[in-house]
Structure formats: C-alpha cells, structure tokens
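Just so we're on the same page: letters track the sequence lines, and every chain starts at 1.
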Amino acid sequence: MYDFPPGLYTDVRLEKVFETKIDFVREDLEECTIREREAAFIRVFDGKRWYYASTTDPGRIQEEIDTLAALAGTAGVRGTVDGHPVVEKFSVSTGEYLQFTAGKSIVSVPKEEKIRLLTSYFPVFRNVPSLKLWRASYRDKREEKGFYSSKGSRLVFDVQRTGFVFSIELARGKRGFSDLFEKAGNCFSELQGEKENLERFLAECTEFLNYARPVKPGKHTVVLAPQPAGVFAHESFGHKSEADFMVGDKKMKEEWAIGKKVGAAILSIVDDGSRLGTGYVPFDDEGTPAQATYLVRNGILTGRLHSAATAATLGEEPTGNARAVNFEYEPIVRMTTTFILPGNKSKEELLGEVKEGILVEKVCYGTGHSTFTLVPTLAYRIKKGKNTGPVNISAITGDLFTTLGEINGLSDRLELSPGGCGKWEQTPLPVGFGGPYVRVRNLLVQ
Amino acid sequence: MGAQQMVTERYFKKKQTITLQIQQTALVSVRRRELSQTGIRVYANGRIGVAGALGACDEGELAARARENLSLNIPYPYELSSGSMELDSRRGEMIPEEDLVAEIEEFLSDLRREQPGFLFFNQIKEEWSETRLANDKGLDLRSQNEYISLALFFKEKDSLNIFDGMVGYSGKRYDRAEVMNLVNRVCAAYKNPVALKKPGIRPVVFLESHAPVSNIIHELNGLSFGAKSSLLAKKRGKKVFSSKFSLAQSLHPDDTAGPFFDAEGVVNEGYRYPLIKDGVVLCPYTDKKTAAKYNLPLTGSAVAEYDGVPGLGRYGFKIGSSGRTVKELLGGEEGILIVMTGGAGSTPTGYFSLPVQLAFAFDGEELTGRLPQLKVSGNLFTMFGKGYRGVSTDKPTPLGGDHFFVVDLKVEKL
C-alpha cells in the first residue's frame, strides 16, 4: 500500500466524501451543490514531534510521506519511535465496516427527492402571521474513510449524516424573534414526518413573539429540556473531560483524579461514539474503535476522553475520541455523543415539584469551561408546577462544579439532538448531545 | 445579459498555511498545507450553473458540469461585474517559511525563561493566499494576501482552570520583542489581582475585533432588512445611534486577510461601504440579488464557496475611528478591559449580558491589575447611543490591526 519509512510512526487517513447542499430562501431555490472529493491527511511521528500534511491528490500520498519523513529526520531523533508509549497505545484495526451502502446511502437518493422532501414542508410556512422571512437548508454527507498505519492498521469504515434546518424570522411592531428548527439523523428516511413538530414550533415561536416578558434577573430553579441539558453536559463537563487539557499539567491531573465526587449522586454523564446519530463514529481518526465512556457515574468522576497521545501521557487507555473536522486537520480529543443519563421522575412530576422557576426548552448556543453560559431562545416561567408563559432571557450562567451539585431531579426519558462543536480552529465537528429534563437549583438567570 | 449569451467565469482560491502547535510552552507539531480550489460558473438566459474541484482539475470538464447544472434553473439575471485589478497586500514582514520553526523555538525558549510561572498552549500560524475571479466579459480580479496569527492560551502552573487567559494578535508583521512585550504586560497584570473599585456604569474596553456589534450587524442583513424582520428596517435614513458611531462593511487590506472583492466581483471605493454614518442608518449589506429584489444599494457582500452559487453573506466590518486615543476616550476614568468572556446573550428587546471570565483594570496606557469575574450588561441601543465613546487611534500592539473599542456598560461582580 504505502512505503512507510523505518524508525518513524506514520499513518494515512484517506477520505472519500459525497455531500449535498440545497438552500432555499422562502420558496426560491438558491443553491443545489453536489460535491465529491477524495483527499488525505498524513501524520509522521519521530518520538518528539508530529509532522502533518494534507493533499487533495491521493496519488501524492507517498511523496508527502517521504517529505514529512525527511523533516522528521532533521530533528535528529530517528530510530527512537519503536516502543514509544504513544505508539504503543495505537490500536491495530483491520477490516471493512461499511454500513451506509446501497439503499441506506444518501448517494443513492436523487437530488430531486431531497428537494421534494424540503419543499413538502413549505406549506407550513404559508400564511403564518408575523413570519417575515424563512430559509430552508438540506445537508447530507457520506464519508468513507480509509486508515493505514505503519503499525499495521488497514481499516475502511463509513459515517453518514443527513438533515435539514428551517430558520425563521418573525416580527411584530418593535418586537422581533428568530430561531431554528432542525432535524438530523444518519439516513434520509429519518427526515420524514416532521410536519406536526414544525407547526408546533412555529406556534411556540409566535406565542413567544407576542407574549414574552422580561425575566426577573437573579438566581432561579431552572428545568433544562433535553436539548439545553445536552448543551450543558457538552459545554460544561464534556470539554473539561477532554484529556488534552490535562497533558503535562500536574495540578489539573490531581484535581481531576478519577474517583473524585464532582456532582449530585443522581448525575451520570456518558460519551458514546458507537451510538447512532450525528455523533456516530465507529472508529476515530487514528483507528481506535468507539466505546461508551462514563465521564461521571452517580456523581463520581469515572473517566475522560482520550487520543492515543493523551492516554499514553496520563497512563490511561484511548477511548476512540481522536477526531478531525476534515482532511486538512490532525485528530485532536473531541466528544462524540455526550448525554446525561435519565432518572426516575416523569417530566410532569419534575416540573410539578417546582414552586417557582424557569423552564428552558431550547438554547441557541452555550459556552463552557469553569463558568458556563447558556443562551436560551424558548423559555417559560413556572409557578406551582405550571407553565405561566414565555420569558425573555439573555443568558444563564453558573460555576460548573457548584451547578453539578445543584442538580436535584431528572426525568425518565433520554432525548438526543444534533449539534456542532467548535474547538480551537476545528469547527464545526458533528456531535450529538442530550439528556432527560434536568432540574437545577440556583442558576443565575439574566 | 442578453438571451442565449453564455458567459463563463473562473473562481480560483489557493492557500498555503504552516501551523505550529504549542503545548506546555513547547513546539509539538508542524503542519504544512497547500490547498487550491477551482470553481467554474456558467451564466446563460438569466440562470447560473456552477461546478468545482479541489486541487489539480480538468477545467473543461468542470465547465461541462457547470453547463449541465444550468438545468437546476437557479435564477441569476444580474449584470456581471467587469474590470481588471490586481492587489498584492503582502508586505514581507512575517517570518520566512524556512525560518519559522527555528524562530518559534527561540521565542518559546524566551517565553519559558521570562514567564516561568505560566504554561502556554495553542498555535502560531502563517498563511499566504491568492484569490482570482475572472470571466470572459473582461472581469479579472486578483488578490494576494498573507497574515500571521499568534493565539496563545495561558494558565498559571497551579491553576485548576483549563486556561486562565489568552494573548495574541493577528496581522502582517512579526517582531519577537514586540510579542514578548505584549505577553509580559498581560502576564504581569494577571499576577496582580485587584478589586472592582466601583460597580455600576463604567467604561468597558473591548478589542475592536471583539466589539459587541454582532446584534447590529444581524439587523443590517439585507434580506432581513428587505423582508422587514430587521429592527432597523424602518429606520433607513434615520439617526438611531450616537453621532460618534459609524460602521462600514470592509474588504480593505488593513481590515481583512481576504481578497478586496466579493464573490460577485464587486469592488467598493476605498474597499469599504458605509452602512451607518454618524449614527444614521444608511443601508444594509447586500449582494446583487438582495439589492435588486428590495431596491437597495449594492454593497458587495456576496460570498460563495468555490463550487457554490454566490449569495448574501457577511464580510468584515470597520467601526469609524473617534480620532482619539483610548486614554482620551476613558477621560481619566479606570477602564474595564475585557479579555475572556463566557459568550454574550441578548433578548429580542435588546437587553444584553456578558459573563466575563477575565478582565483587566486599564488606565489607557497600562494594564494595572486582574479584576474578579464580572457581569457586564446593558441595552444594545443605549450602548451605541449615549453610552458609546468610540474606537481609539492607538492599538494594544503595533503588530496587529485591532484598536480599542470603548462603551459605557453596567459592571458588577459575577
């Protein structure tokens, strides 16, 4: 296959991609692009430093390997890579794991059918008072990845995502409101049957435009619906679980010792790349198989997310979380599908126990680390367990560890949402996130 | 465009990037990337067809595919741009490619010696780019550009945070002593915790590139403006903001590392187009379609992927300078310089809040200390109305393009 230079670790990630992009502004077709490409990312490790290159010409892969090997040679550490702890951690994966083929492949769905799907929802948007502008976008992508390493990996697998987004802008007098409706999955067939959900969403947005009142700023009990709960789990705890943040950092390693209590006893958080959905990746971008990693189990820190390099440095095992956004980048530690495990209350019980608080149904984004922020779009005031109307909230903020200890209720049903994640320069990476309805005390609402 | 007349247009982009990854104040990887993209657009009978490819490609085959894609019936009945212009914005003041690794290793060695209490990570990147848009109606625009981006996150060695702060710049020049001076000033201030002297309405200072103008820019989208969903749609020609506030869409080489023309080949006079002037809303930003549909001025704000149809997008923006230094804008008051935030949020009524994780006390010349975590809030229209102070003439570092942006906002401890 390739002539891997002796004394160095080398791997090649070959990506064959098919993708579709269809955009409408109202009912006017603005774009319909089908893109097919083949490209590769090459890594060489000399035991001290990594050397990377990417190419859009698969015929030049060997040339790129040789160029990187020559650069690695200049560091003067050639010959030391065998037995290196990082190299020891690389999986040797072989075989062909293609599941989005034939009728399951979005390649087999004609573009006309994709346009038909999108336009089938257009009647929902006609005659909606206050709806000034709406856009519809369809996206799909099937990637067939080959992974070949000097350690012996000979692997081919595929991933596929498909979905649509409707973005709406409502206005009435001096009030305006905008939001998105998203649906995504692995196969085209999953995108059908959303008419009623879309109608309900438009009704909620219209109610919000007409009746939302400013929230009373301060600390409130907040019930996060599955989508905000997932964003919270991803932004606040998920990123802190990415082990590249701990490499070479003794203090962080001590603070994040496995077995430490980090949250309420009812809280468990999992990252699982083997779960179908938008975060599904059966192998990561250095050939490690996906797995379910418990980050928190019953409030106790039980795991973190690794690449081979971070696992070697921290003396743990790779978890299948080394991911690259595309062929232009090296894999770094990323999440896949991250979620809070459900509890034992019904949603009605969970809300019914709230004397006064806020229900956050949807957020447009969140940010994380030690202090996290959620920016809600749809939120409601709760009084004596009842929804008493929409409220305008600019941001919900909290300290991560304090907040994890303030979780005091979980509903009994897990729901996952599609999402995108940005880390450093690599954005957006498809992920999934979710949870049940999660009740948290003392969140700062503004 | 006359019936049956077919015009072919070529959109070519090329980028060469070298990225050095830093961990624990040491160089851990070197990434070299050279990427070219070619798109062929065909215009006929008021329609557009596009096809594109990465890397070396057969442009005849792309043109054939673009002609096939005319059958998608995507309308494009607009006058095509013409004219020829070449602009080379490279200055040759970055680190030569062959010296980059050695220079950064020396810089990191200095950094370890000068700031032993901190760990630094993230990346240093140099990029050279070329964009060319040409058609057989006489359009030929060519832009060459370059930039260096130094973006370092730092943390104290005994900190429990993933990172405590960030320092860096993006520009067309590198000077090790200047970079070290910037890092040392930030680290010195970080090591000196100070209290928030006086909560309440205070002058808050942002780097110009992080100025909280995104809500205003959102309202200046030509489509939203034309469809009347923008809060500014009925304000055209009216004074809405402070007379000190002006905002232009900009592809000026001083403001962007991209080409001086948009994806439809529009070149503005002085590379900028005024959208708000002295507080008066002049127009939203538009591409040809939006301008034609809503009878708005064409501001040259079309974006396109190499293989995509040009459509309305967003480029850089330039806030008009106040003609005063940041010290003058502060007027003797202590400024709150925002470095790291937890993401801004706003409500449909314009209330705006910003959790601030790192801010420095700032007298207009020196960073005098690290403030506690803060909550900054206000109303968007007040912020750009009576609370607006202006953009400074001076910069945090002579290496980058950023100036200081100063507004009055409510500041409290988080």
Side-chain angles (χ1 to χ4, degrees), chain A residues 21 23 25 28-33 35 37 39 49-57 71 132-133 169-171 174-178 209 212 214 239-240 244-245 247-252 255 328-330 365-373 375-376 392-397 424-425 444 446, chain B residues 19 21 23-24 27-36 50 52-56 69 72-75 119 122-123 125 155 157-163 223-224 227-231 233 289 305 307-309 311 341-349 351-355 357 373 375 377 414:
Chain A
K21 179 183 179 191
D23 289 322
V25 173
D28 298 331
L29 179 64
E30 299 261 312
E31 176 142 20
C32 178
T33 302
R35 183 183 288 170
R37 63 166 168 79
R49 189 173 289 165
W50 286 92
Y51 298 86
Y52 307 130
S54 49
T55 177
T56 52
D57 180 357
L71 284 171
K132 302 295 182 188
L133 180 64
E169 295 185 13
L170 302 167
K174 290 182 177 174
R175 298 171 75 108
F177 181 76
S178 55
L209 173 79
H239 279 301
K240 275 227 165 190
D244 48 349
F245 291 125
V247 169
D249 191 334
K250 269 170 59 182
K251 196 74 187 175
M252 278 286 271
E255 183 63 18
E328 297 178 49
Y329 299 95
E330 68 278 18
Y365 79 96
T367 61
H369 299 320
S370 297
T371 303
F372 69 88
T373 301
V375 179
N392 283 322
I393 297 173
S394 63
I396 294 177
T397 310
W424 314 140
E425 60 186 334
L444 180 60
Q446 298 172 67
Chain B
T19 307
Q21 204 70 31
Q23 260 180 24
Q24 313 299 315
L27 177 58
V28 292
S29 73
V30 180
R31 183 179 70 213
R32 289 165 188 271
R33 186 175 60 191
E34 193 171 323
L35 182 65
S36 65
V50 188
L54 295 178
N69 285 336
L72 289 165
N73 283 319
I74 297 175
L119 296 169
N122 200 26
Q123 64 175 220
K125 176 163 81 174
K155 63 174 285 177
K157 283 186 174 167
D158 59 354
S159 166
L160 296 178
N161 290 323
I162 288 173
F163 53 90
L223 257 177
S224 304
K228 304 277 188 284
S229 59
S230 161
L231 295 175
K289 179 174 183 174
E305 291 192 67
D307 56 354
V309 176
T341 72
S346 63
T347 67
T349 52
Y351 176 75
F352 161 91
S353 69
L354 184 68
Q357 285 160 315
Q373 289 198 48
K375 183 180 90 171
S377 61
L414 190 66

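Separation of atoms CD (A:Glu169) and CG (B:Leu223) is listed at 8.0 Å; rounding is to 0.5 Å. Rounding to the nearest 0.5 angstrom, the gap separating the CG atom in A:Leu133 from the NZ atom in B:Lys228 is 12.0 Å. Taking OG1 of A:Thr373 as the reference point, atom CD of B:Gln357 lies at 6.5 Å (rounded to 0.5 Å). Taking CH2 of A:Trp424 as the reference point, atom CD of B:Gln21 lies at 9.5 Å (rounded to 0.5 Å).
Taking chain B as the reference chain and counting heavy-atom pairs below 4.5 Å, the highest number among A:Lys240, A:Lys132, A:Arg37 is found for A:Lys132. Your options are B:Pro75, B:Gly311, B:Gly308, and the one with the most heavy-atom pairs under 4.5 Å with chain A is B:Gly308. Of the residues considered (A:Ser394, A:Gly176, A:Pro376, A:Ala395), A:Ser394 shows the highest number of contacts with chain B, using heavy-atom pairs under 4.5 Å. Comparing A:Lys174, A:His239, A:Glu30, A:Glu330 by how many heavy-atom pairs each has under 4.5 Å with chain B, the most go to A:Glu30. Counting heavy-atom pairs closer than 4.5 Å to chain A, the top-ranked of the candidates B:Val50, B:Leu119, B:Leu35 is B:Leu35. Between chain B and the options A:Val375, A:Asp28, A:Thr33, A:Leu444, heavy-atom pairs under 4.5 Å are most frequent for A:Thr33.
In summary, the side chains of B:Ser377 and A:Gln446 do not present any donor paired with an acceptor at a separation below 3.5 Å, with no hydrogens or angles considered.
Under the rule for a salt bridge (Lys or Arg N to Asp or Glu O under 4.0 Å), the partners of A:Glu328 that lie at least two apart in sequence or sit in another chain are B:Arg33. Residues satisfying the side-chain hydrogen bond (donor to acceptor under 3.5 Å, both in side chains) test with A:Ser54, not counting sequence neighbours, are none.
Of the two parts of B:Leu27, the backbone and the side chain both hold a non-hydrogen atom closer than 4.5 Å to a non-hydrogen atom of chain A. Contact of B:Leu160 with chain A is made through backbone and side chain together, with heavy-atom distances under 4.5 Å. Contacts between B:Ser36 and chain A at a heavy-atom distance below 4.5 Å are absent for every atom of the residue. For B:Asn161, the parts sitting under 4.5 Å from any heavy atom of chain A are the backbone and the side chain alike. At a 4.5 Å heavy-atom cutoff, the contact between B:Lys157 and chain A is made by backbone atoms alone. With a 4.5 Å cut-off on non-hydrogen atoms, A:Ser178 touches chain B through its side chain but not through its backbone.
With contacts defined as side-chain heavy-atom distances shorter than 4.5 Å, the pair A:Lys251/B:Lys155 does not qualify. Residues A:Leu71 and B:Arg32 meet the side-chain proximity criterion, which asks for heavy atoms closer than 4.5 Å.
Between the side chain of B:Gln24 and the backbone N or O of A:Val247 there is at least one donor-acceptor pair closer than 3.5 Å.
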Side chain to side chain contact (heavy atoms under 4.5 Å, CB included) evaluation trace for A:Glu31 with B:Leu72 = CA-CA 9 Å; A:Glu31 176 142 20; B:Leu72 289 165; over 6 Å; no
Derivation and outcome, side chain to side chain contact (heavy atoms under 4.5 Å, CB included), residues A:Tyr329 and B:Arg31 = CA-CA 8 Å; A:Tyr329 299 95; B:Arg31 183 179 70 213; 3.5 Å; yes
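The two residues A:Arg49 and B:Val30 have their closest heavy-atom pair at CD-CG2, 4.1 Å.
Each of B:Ile74, B:Asn73, B:Val309 was compared with A:Leu29 under the side chain to side chain contact (heavy atoms under 4.5 Å, CB included) criterion, and only B:Ile74 meets it.
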